[in-house]
Amino acid sequence: MQTVKEKLSNMASAAKEHTKICGAKVDEKVEKSTARTEEEKKIAHEKRKAKEHGAKTDLHAAKAAHKAEKLNAKRAQQRPMVGTHGAPVGAAYGHHGPLLGTHGATAAPATAAPATTYPVTAVPPAEKYL
């Protein structure tokens, strides 16, 4: 379900990108038609290129956000690990909780006796899409 949602969101973002690019082209034609010198026409062309670049940047940022939402939904469905002695859920396999700064790992209460913990022998892998 999350994959379908991600694809539909990506398609909507791509459609927004195309509308922004078409709007930039129309603006360029209007500016070129009212321009009096060759420099003004070049400025209009450069403005269009800048607007297109901004639209493409927005598209890629939106796609990254959609991917993060998909990964957060998958992590929310995972069951807690058994026998990790107070480690965050999934820490045994390098998962650190939801993406985008919403780390949900909580510490044990200060009044409770600390559980026996064992040193971590492996460095967890870095997140791929950050």
Side-chain angles (χ1 to χ4, degrees):
M1 182 67 188
Q2 290 299 322
T3 303
V4 173
K5 181 179 176 185
E6 179 190 7
K7 286 187 179 200
L8 290 175
S9 298
N10 287 345
M11 288 172 43
S13 296
K16 287 179 186 177
E17 177 207 11
H18 289 294
T19 58
K20 287 180 182 180
I21 289 175
C22 289
K25 288 180 180 179
V26 169
D27 290 343
E28 178 193 16
K29 288 182 181 182
V30 168
E31 287 184 30
K32 278 189 173 181
S33 67
T34 60
R36 295 182 181 177
T37 63
E38 189 64 32
E39 289 82 22
E40 290 177 348
K41 290 181 182 182
K42 287 181 182 178
I43 290 171
H45 180 70
E46 292 298 324
K47 283 183 182 178
R48 180 193 65 134
K49 286 171 58 176
K51 287 180 183 179
E52 286 180 1
H53 179 71
K56 289 181 182 184
T57 303
D58 292 344
L59 172 68
H60 290 296
K63 282 186 174 185
H66 301 156
K67 180 68 77 173
E69 287 176 14
K70 177 183 171 185
L71 291 175
N72 282 340
K74 281 186 176 182
R75 286 188 178 167
Q77 293 174 358
Q78 291 178 351
R79 296 176 186 240
M81 301 284 298
V82 177
T84 57
H85 298 288
V89 175
Y93 294 104
H95 299 290
H96 302 291
L99 295 176
L100 301 176
T102 58
H103 299 287
T106 58
T111 59
T116 306
T117 58
Y118 300 99
V120 178
T121 58
V123 177
E127 294 295 332
K128 188 172 182 181
Y129 295 107
L130 282 182

Practice item. Could you please spell out the steps behind the salt bridge (Lys or Arg N to Asp or Glu O under 4.0 Å) verdict for Glu6 and Lys67? Key: CA-CA 7 Å; Glu6 179 190 7; Lys67 180 68 77 173; 3.6 Å; yes

**Study point:** Full working for side-chain contact (heavy atoms from CB on, under 4.5 Å) between His53 and Lys49
**Key:** CA-CA 6 Å; His53 179 71; Lys49 286 171 58 176; over 6 Å; no

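To the nearest 0.5 Å, atoms CD (Glu17) and CD1 (Ile21) are separated by 4.0 Å. Rounded to the nearest 0.5 angstrom, Lys70 NZ and Arg75 CZ are separated by 13.0 Å. Of the inter-residue distances, the one linking Leu8 atom CG with Thr3 atom OG1 reads 11.0 Å to the nearest 0.5 angstrom. In this structure, SG on Cys22 lies 8.5 Å from NE2 on His18, to the nearest 0.5 angstrom.
Shown here for Glu52 and Lys25, the closest heavy-atom pair between the two residues is OE2-CE, 3.7 Å. In plain terms, the two heavy atoms of Asn10 and Leu59 that are nearest each other are O-CD1, 4.5 Å.
Using a 4.5 Å heavy-atom threshold, the side chains of Glu31 and Glu40 count as separate.
Atom NZ of Lys51 is surrounded by more than 12 heavy atoms from other residues, nucleotides or ligands within 6.0 Å.
For His66 (side chain) and Ala62 (main-chain N/O), a donor-acceptor pair under 3.5 Å exists by modelled atom type.
Contact check on Lys16 versus Asp58 returns no salt bridge, with no Lys/Arg side-chain nitrogen under 4.0 Å from an Asp/Glu carboxylate oxygen. Between Glu28 and Lys47, none of the side-chain N atoms (NZ, or NE/NH1/NH2) sits under 4.0 Å from a carboxylate O, so this pair counts as no salt bridge. Between Arg48 and Asp27 there is no salt bridge, since none of the side-chain N atoms of the basic residue sits less than 4.0 Å from a carboxylate O of the acidic one.
Residues satisfying the side chain to side chain contact (heavy atoms under 4.5 Å, CB included) criterion with Ser33, sequence neighbours excluded, are absent altogether.
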